[in-house]
S.K.: 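Here it is, the structure in full.
In this text, all values refer to a predicted model and were calculated from it rather than measured experimentally. Naming: A, B, ... by sequence-line order, numbering from 1 per chain.
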Amino acid sequence: DSGVTQTPKHLITATGQRVTLRCSPRSGDLSVYWYQQSLDQGLQFLIQYYNGEERAKGNILERFSAQQFPDLHSELNLSSLELGDSALYFCASSPNEGYEQYFGPGTRLTVT
Amino acid sequence: KNQVEQSPQSLIILEGKNCTLQCNYTVSPFSNLRWYKQDTGRGPVSLTIMTFSENTKSNGRYTATLDADTKQSSLHITASQLSDSASYICVVTGIRSGTYKYIFGTGTRLKVLA
């Protein structure tokens, strides 16, 4: 158990809908990262927050947005969902930037 | 262009045998290199993390090496076990002007057979 929690574990929704994925980092970790992993694909870095501020952006679509709240938990919002958005979404946290990242168990999103 | 390439893409070995996975990168400036193990459908778990000055780091039966001059790293697994069956991901962190970049390799899928 990495200490990173993600909810929900599974999510099934229809195309065009909007969902919110939630992540609670390890206690004391200030940095939160979001990743997407499609079936049999590598991890794609989406976005990173550090102590509430956006710090790095990867291949995140404009339909996706994220934020980190004062209590350091983070939410990833996915809107106008398409079939291709079906994937595992992982959250990771680290004490500081550039350090070892601890991954959560992931949220499996299925868009039908 | 910042890239991380891993080889082989997949590997099948018999239980008890050793194997070596490769990671070549072009990320610059370099901050650190990490190896992760990812079981199917689960979050990656860190095996090792190495900075520029470190050549070797071990974690049980896993030993990672880093040659910062040639920009190559390897992960050696000794006396493989069935539980080693997983994907192994190499991640290189670059830093420029205080901003970090995280470049992931596509992974090596290892299968250990009894």
S.K.: Of the listed residues (B:Lys101, B:Arg42, B:Arg34), which shares the most heavy-atom pairs with chain A below a 4.5 Å separation?
M.R.: B:Arg34

S.K.: Hey, quick one: are B:Met50 and B:Ile95 part of the same hydrophobic cluster, counting side-chain heavy atoms closer than 4.5 Å, chains of contacts allowed?
M.R.: no

S.K.: Can you confirm whether more than 12 heavy atoms, excluding those of B:Arg96, are under 6.0 Å from its CZ atom?
M.R.: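 It does not: B:Arg96 CZ has 12 such atoms or fewer within range.
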
S.K.: Measuring from B:Thr93:OG1 to A:Gln101:CD, what's the distance to the nearest 0.5 Å?
M.R.: 7.0 Å

S.K.: Could you grab the distance from atom CD1 of B:Ile89 to atom CD of A:Gln37, nearest 0.5 Å is fine?
M.R.: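 Separation between the atoms: 6.0 Å.
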
S.K.: Quick check: do A:Ser2 and B:Val45 have side-chain heavy atoms less than 4.5 Å from each other?
M.R.: no

S.K.: Can you tell me which portion of A:Leu88 sits under 4.5 Å from chain B's heavy atoms? Options are side chain, backbone, both or neither.
M.R.: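 Contact with chain B involves the side chain of A:Leu88 alone.
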
S.K.: Shared ILVMFWY cluster between A:Tyr89 and A:Leu81, side chains joined below 4.5 angstrom?
M.R.: yes

S.K.: Taking the side chain from B:Tyr102 and the backbone from A:Gln48, do they hold a donor-acceptor pair closer than 3.5 Å?
M.R.: no

S.K.: Tell me the closest heavy-atom pair linking A:Glu100 and B:Tyr36, and the distance in Å.
M.R.: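 Scanning both residues completely, I find the closest heavy atoms to be C-OH, 4.4 Å.
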
S.K.: Going only through I, L, V, M, F, W and Y residues with side-chain contacts under 4.5 Å, is there a path from B:Phe30 to B:Val4?
M.R.: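 Looking at the clustering, B:Val4 is in the same group as B:Phe30.
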
S.K.: Looking at every non-hydrogen atom in both residues, tell me the closest pair between B:Tyr100 and A:Ala56 and how far apart they are.
M.R.: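 Shortest heavy-atom contact: O-CB, 3.8 Å.
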
S.K.: Going only through I, L, V, M, F, W and Y residues with side-chain contacts under 4.5 Å, is there a path from B:Val27 to A:Phe45?
M.R.: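 Cluster IDs for B:Val27 and A:Phe45 differ.
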
S.K.: Please indicate whether B:Glu5 has more than 12 foreign heavy atoms, meaning atoms of other residues, nucleotides or ligands, lying under 6.0 Å from its CD.
M.R.: no

S.K.: In the single-linkage hydrophobic clustering (I, L, V, M, F, W, Y; side-chain heavy atoms under 4.5 Å), do A:Leu72 and A:Trp34 co-cluster?
M.R.: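 Cluster IDs for A:Leu72 and A:Trp34 differ.
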
S.K.: In terms of heavy-atom proximity below 4.5 Å to chain B, should A:Tyr33 be classed as side chain, backbone, both, or neither?
M.R.: side chain

